[in-house]
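Report on the following structure.
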Amino acid sequence: MSPDPDAPPPEEHLEGLPARILELGEELRREGVAVGTSEMLDAFAVLEEISWTSQEDFREALAATLAKSQEDRRVFELVFDRFFFRSVELAAAREGIREGDAASLEELSEQELEALRAEIAAALRDGSEGAMRDLARMAIAAFSRRQEGSGVIGVDVQRIRRALGLRAEPQPDLPPEDPRRDGLPRDALRRFEALLRRELERSQVERTGSLPPARPLGELDRALPSGPLADLAAVHRVVAQLRRRLATQGMQNRGHRRHAHVDVRRTMRASLQTGGVPVVLKYRPRRPKRPEIYVLCDVSTSVTSASVFFLSVLHALHDTFRKMRSFVFIERISEVTDIFEHERNFKAVSERISGDAGVADISGYTDYGRVWSEFLVQVEDDLHPRATVIVLGDARTNGRDPRADIFAQIAARAGRTFWLNPEPRLYWNYGDSVIAAYEQYCTAFECWTTAQLEDFVRALTRPVISAAR
Amino acid sequence: MATGLRSVGYLPGESTALVSYLATKLGKPVLVEGPAGVGKTELAKALASFLGRELVRLQCYEGLDEAKALYEWNYRKQLLRIQAEATGTGWDAVQEDIFGEEFLLARPLMTAIASEEPVVLLIDEIDKTDQEFEAMLLEVLSDFQISIPELGLVKARTHPVVLLTSNNSRELTEALKRRCLYLWLDYPALEHELEIVRLHAPELSETVARRLVEVIGMVRALDLKKPPSIAESIDWARALLLLGVKDIDADVFMETMSVIVKHRTDMDVVADRVGLKLRSPADVA
């Protein structure tokens, strides 16, 4: 077997390793991980303490110094894999190193194939990474030569997996000693697929002698999921991040008011300990002024994909801001504050809201004019300059009157008005989108990636004083 | 490192052992993050007893200030001193006197820094404090020194191993993270947790323990407000041991569920999903 492709560069590349690590840091920065010089120094410091021959240790040590949050860690894993995989491949391609041992597998008999199947299944069941990697290459060698690879890596991976009969479900018609009979552990299967994919990519590099273009991870892996509930976990991850950020921002605002009021009663009480001399001053606790927030959320079909995301943002906001009222609308509006307050479970919330949205829905088309006037009637007396109104919607009126004048009234009464549009700015004001009519009264954000959402959160949590001017 | 931690009853994951090793070697603080109850605080205790050091613990909470964390002047003693001196002594003499180490009340951070023997310093739930406090920690964590206006600089005599834990309830500042190694502790893999449970409840039979860990895994896979922690699986194992249970079936599970699930809404969800699941394979097995 040729040297392990995933091991860090071997000894003779010693002088090259610092450069590699710096490049890795550079790459991480490009993906938005904050890697400072001190982190790089730490990384070098830890590399002196561990042996480089164990890939796990190498990776963990770098991760501990370079990736300082779970989110960063996820990015680190992706970049690390891509980076070291690519640099090894590039070096190999340059020096013309090829693997020679695959050819001998060409004439595998049916029995040997069967043995290979069983071996892979056993390795999957035991979850041994090293064995799986070797077997993945053997499998590729065996199968891609028998039935020409399709050239599309994703397709080939699935084809090989099926040919091996690897499934997570139990397969009762197999003989009892076969490890595949009870079904294979799902995550082992996924790992095996990842290995297959990597090996296939490698052989592609070998064939063409060049690297496939590096995909930036950023927009691809971190764009807001637009699919329906399948991506809910991803949405939750984003929202959890959002919630943490909101919690931090609140803290920052608290620091803006340095002056505290002395609590006379508690000071007197404390002074008893020091013979009536008020040595320790007791202050009134500072309570941050929470903004009052009104959220209007479009749940019509034109924003279906985005509304799951919007609802979970709403859910997160409800946890953070106490004075908050939420409304969902299609043709008319209905208030859902209660649902959010009583239901902690997101799934239950979305179910109840889809029930409630049915009430608000008559023709199934958004009628912004009507929504504004109903909203104004409901909250007219409560709106005041410290209130913030947030609208989540695509501003597509289906040809109906946008009634921007009523929206202007709302914006005038509220301190701040934000609009979150799930469509890219490119599509704004095309077709029946009338966001321009509203944009003059509010701050509009496009919001279809996490970064954009963060921009919005920053705007939302900025101290109210500066914005209310 | 791993075997050392094992010997004091803590089964570390691979990265846990590695990062703790690096922390002792490099003398850098470690920021440990992860869901509640995965053994973050336990790790500090185990490290302390493995290294044979004293554990100094600073529990953070909202509103924690320097006086509680670093040091405080012992006002009462100072007052007494001034009164005892009475008339005759000049202000200068008294001032020099009352701001001496004698009148200093050392709080955890100060204790850790000034200690003669090296210690393990645990700053627990750093995310509960506010940002100002974090900023104050920076000096302590990077240079291991504290400046006291009246006394001057107090430098660490020995190098403590510092662990900071956070439950992720807010984002910590970049400046703090920059000074730390980062360790993310997650729920352990099935086999690993099985080992932990067996270590803490050795009398529990192998089959029940395995079943228990599997069920816990199932419960964690649900979207709960508070998934069961490792501590809770150990508690559950002990509870089952007390009850003398031979196998975990739906009835046993329903009765003892309250040990691992602690929210009313969560209980409904768990009873719904896991309770049903337990019934069917139990019949087959």
Side-chain angles (χ1 to χ4, degrees), chain A residues 34-39 42-43 45-50 54 56-61 63-74 76 127 185 187 232-233 236 240-241 243-252 254-255 273-275 277 279-280 283 285-286 342-348, chain B residues 13-28 30-31 33-34 62-63 67 72-73 75-76 78-79 83 127 129-135 142 166 168-184 186 189-191 223-225 263-266 268-269:
Chain A
V35 179
T37 316
S38 64
E39 265 99 353
D42 284 351
V46 294
L47 288 183
E48 275 167 23
E49 299 292 338
I50 55 151
S54 151
E56 274 307 302
D57 285 1
F58 185 75
R59 174 199 288 254
E60 283 299 333
T65 48
L66 296 180
K68 301 277 170 88
S69 72
Q70 206 194 356
E71 181 75 3
D72 286 355
R73 179 63 199 256
R74 212 167 57 80
F76 175 86
D187 48 332
L232 208 61
H236 277 303
Q241 190 80 8
R243 190 178 306 171
R244 282 176 68 183
R245 241 167 240 276
L246 283 174
T248 326
Q249 301 277 1
M251 294 283 189
Q252 271 173 350
R254 203 172 299 183
Q273 289 197 324
T274 44
V277 184
V279 175
V280 186
Y283 298 98
R286 281 174 293 191
H342 293 132
E343 281 292 350
R344 307 285 309 178
N345 187 337
F346 177 72
K347 218 166 266 163
Chain B
E14 212 169 297
S15 56
T16 315
L18 181 77
V19 173
S20 344
Y21 168 73
L22 290 175
T24 49
K25 278 282 167 202
L26 297 178
K28 289 217 120 204
V30 185
L31 173 63
E33 282 195 309
E62 211 178 316
E72 200 170 11
W73 291 106
Y75 292 114
R76 259 158 283 170
Q78 283 174 332
L79 273 180
Q83 280 169 0
D127 52 334
T129 60
D130 18 59
Q131 276 187 335
E132 288 83 354
F133 183 78
E134 251 178 60
S142 57
S166 153
N168 246 346
S169 72
R170 74 180 173 88
E171 193 102 43
L172 300 172
T173 55
E174 288 295 327
L176 182 75
K177 285 184 175 177
R178 180 143 294 163
R179 283 165 177 78
C180 301
L181 299 175
Y182 182 80
L183 173 65
W184 170 262
D186 211 339
L190 199 138
E191 290 300 324
D223 187 15
L224 294 185
K225 262 179 82 179
H263 272 285
R264 194 191 53 79
T265 44
D266 284 359
D268 294 346
V269 176

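As the structure is a computational prediction, the values presented were derived from the model and not from experiment. Below, chains carry the letters A, B, ... as their sequence lines are ordered, and counting in each starts from 1. In what follows, every heavy atom counts, from backbone to side chain, and hydrogens, waters and symmetry copies are set aside.
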### Task
Report the distance from atom OH of B:Y182 to atom OG1 of A:T65, rounding to the nearest 0.5 Å.
13.0 Å

### Task
Starting at CD of A:E39, measure out to CZ of B:R178 and round the result to the nearest 0.5 Å.
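A:E39 atom CD to B:R178 atom CZ measures 4.5 Å (nearest 0.5 Å).
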
#### Entry: Set of salt bridge (charged side-chain N to carboxylate O under 4.0 Å, His left out) partners for B:R179, sequence neighbours left out
none

Where do [X] and [Y] come nearest, in terms of heavy atoms and distance?
X: B:L22; Y: A:A61; answer: CD1-CB, 3.9 Å
X: A:D57; Y: B:L18; answer: O-CD2, 3.4 Å
X: A:K68; Y: B:E33; answer: O-OE1, 4.5 Å

### Message
At a 4.5 Å cut-off on heavy atoms, which part of A:Q273 comes close to chain B: side chain, backbone, both, or neither?
### Response
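Looking at A:Q273, backbone and side chain both touch chain B.
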
### Message
Please classify the contact between A:L66 and chain B as side chain, backbone, both or neither, with a heavy-atom cut-off of under 4.5 Å.
### Response
neither

## Note on the structure
Applying side-chain contact (heavy atoms from CB on, under 4.5 Å) to B:L26 and not counting sequence neighbours gives A:A45, A:V46, A:E49, B:K28

### Residue part contacting chain A, namely of B:L183, when any heavy atom lies under 4.5 Å
neither

